[in-house]
Amino acid sequence: MEWTHTVTAVFLGLGCLFSLAGSVGLLRFPDFYSRLHAAGKTDSLAQMLILGGLLFVSPDWGVSARLAIIAVILFFTAPTATHAITKAARLDGLEPWTKEDANHE
Amino acid sequence: MYIAAIIALMVGAFLILIRALRGPTAYDRILAMNAMGTKTVILVALLGFASGRPDFLDLAIVYALVSFITTVAILKYIEAGRLD
Amino acid sequence: MRYLTFVLVLCGFYAVLSGQFHNSFLMAVGAGCIALIVFLGARMGIVDEESYPGPGVWLRALLYAPYLLWQVIISNIDVLKRVLSPSMPVSPRMVRVPYSTKTAFGTVTYANSITLTPGTVTVEVTDDGLLIHALTAEAADGLKDGSMEAQVKRLEGTK
């Protein structure tokens, strides 16, 4: 196995780990606003790790350029989309969950 | 290697689907579908490499752009009540 | 000048994605698409200061990128730890943080960077501050020391 494949495997592994952590967080966190943290943050690092890992095994510069374009698009749109969702929820009057709510129940 | 990564992403996508089904608010569902869109882009890119056809990356670019526009369009509809 | 940059960027994008220069029909269609996009962009009024802030900002953005990347990595490890710990150590709260960035570009960068840093998400941007949802009290305090704001202002060039 060439060293580039090893590097790719490590990057893909880490990316999948963070991606899975985001999914589990989306399930486990108590309210909408906390779920934003899990979903919005892990996505940006997971995609960078996986697409960056694929860079090492890309056969020519055209493929590398496409990977870079996808990474840049996702890096800029992911926080923007997260913020758009949050703002819509806020305007709709969704109240954040706090520790006190849990104690009342 | 690619197959293992694809399976891991599919498990993640399945967990996200559970959140999308359970809700409880519409925004949770939108958030879940947005995360699903990012996962799909990566999945398409990985599929291209796994099958030895990196042309799939063009599809991934288009899907990245479309999924962002979809999310923003849904939110604009919720906020303003119309799309124009 | 801005239109020239716009056309050059689109030409580069086309060259990267098509990767060929021998099929004259496809070249003509590409040129037509570029002309259409420039026309639509001009009609929507999006070819302005905001979309092409000038070369200085790009250079400073290169300096800003490693700092942001490091923040992203820290915040992901933070989320990972919280997700894996069985007791869910979160106590979410809303805080309002003032900002002193001058341009819209700087404010947007600051808000998006906050979203990417550990434990905080920007909910709303108003004239009297950014509304931040923080997972813990420490995360909220971490923003108030202003190190990130200083970084963004250096990127903006107003410091």
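Small disclaimer: the values here were computed from a predicted structure and weren't measured. Below, chains carry the letters A, B, ... as their sequence lines are ordered, and counting in each starts from 1.
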Quick one: CZ on Arg35(A) to CG on Asp28(B), what's the gap to the nearest 0.5 Å? 4.0 Å
Please rank Leu46(B), Ile30(B), Val41(B) by heavy-atom pairs under 4.5 Å with chain A and give me the top one. Leu46(B)
Most heavy-atom pairs under 4.5 Å with chain B, out of Leu27(A), Ile50(A), Leu12(A), belong to Leu27(A)
Nearest-0.5 Å distance that lies between atom CD1 in Ile73(A) and atom OG in Ser67(B): 10.0 Å
Find the distance between CD1 (Ile42(B)) and CG (Asp43(A)) and round it off to the nearest 0.5 Å. 6.5 Å
Selection from Val24(A), Val57(A), Ile69(A) maximising heavy-atom pairs under 4.5 Å formed with chain B: Val57(A)
Find the distance between CE (Met36(B)) and OG (Ser23(A)) and round it off to the nearest 0.5 Å. 9.5 Å
What part of Leu54(A) gets closer than 4.5 Å to chain B, counting heavy atoms only: side chain, backbone, both or neither? both
Relative to chain B, which of Ala39(A), Ser19(A), Ala78(A) shows the most heavy atom pairs under 4.5 Å? Ser19(A)
Contact class of Leu31(B) relative to chain A, heavy atoms under 4.5 angstrom: both
Please classify the contact between Leu26(A) and chain B as side chain, backbone, both or neither, with a heavy-atom cut-off of under 4.5 Å. both
Closest non-hydrogen atom pair between Leu20(A) and Ala8(B), with its separation: CD2-O, 3.6 Å
Distance from Phe49(B) atom CZ to Leu67(A) atom CG, nearest 0.5 Å? 4.5 Å
Against chain A, work out which of Ile18(B), Asp55(B), Thr38(B), Leu65(B) has the most heavy-atom pairs shorter than 4.5 Å and name it. Thr38(B)
Can you name the closest pair of heavy atoms from Ala81(A) and Thr71(B) and give their distance? CB-CG2, 4.4 Å
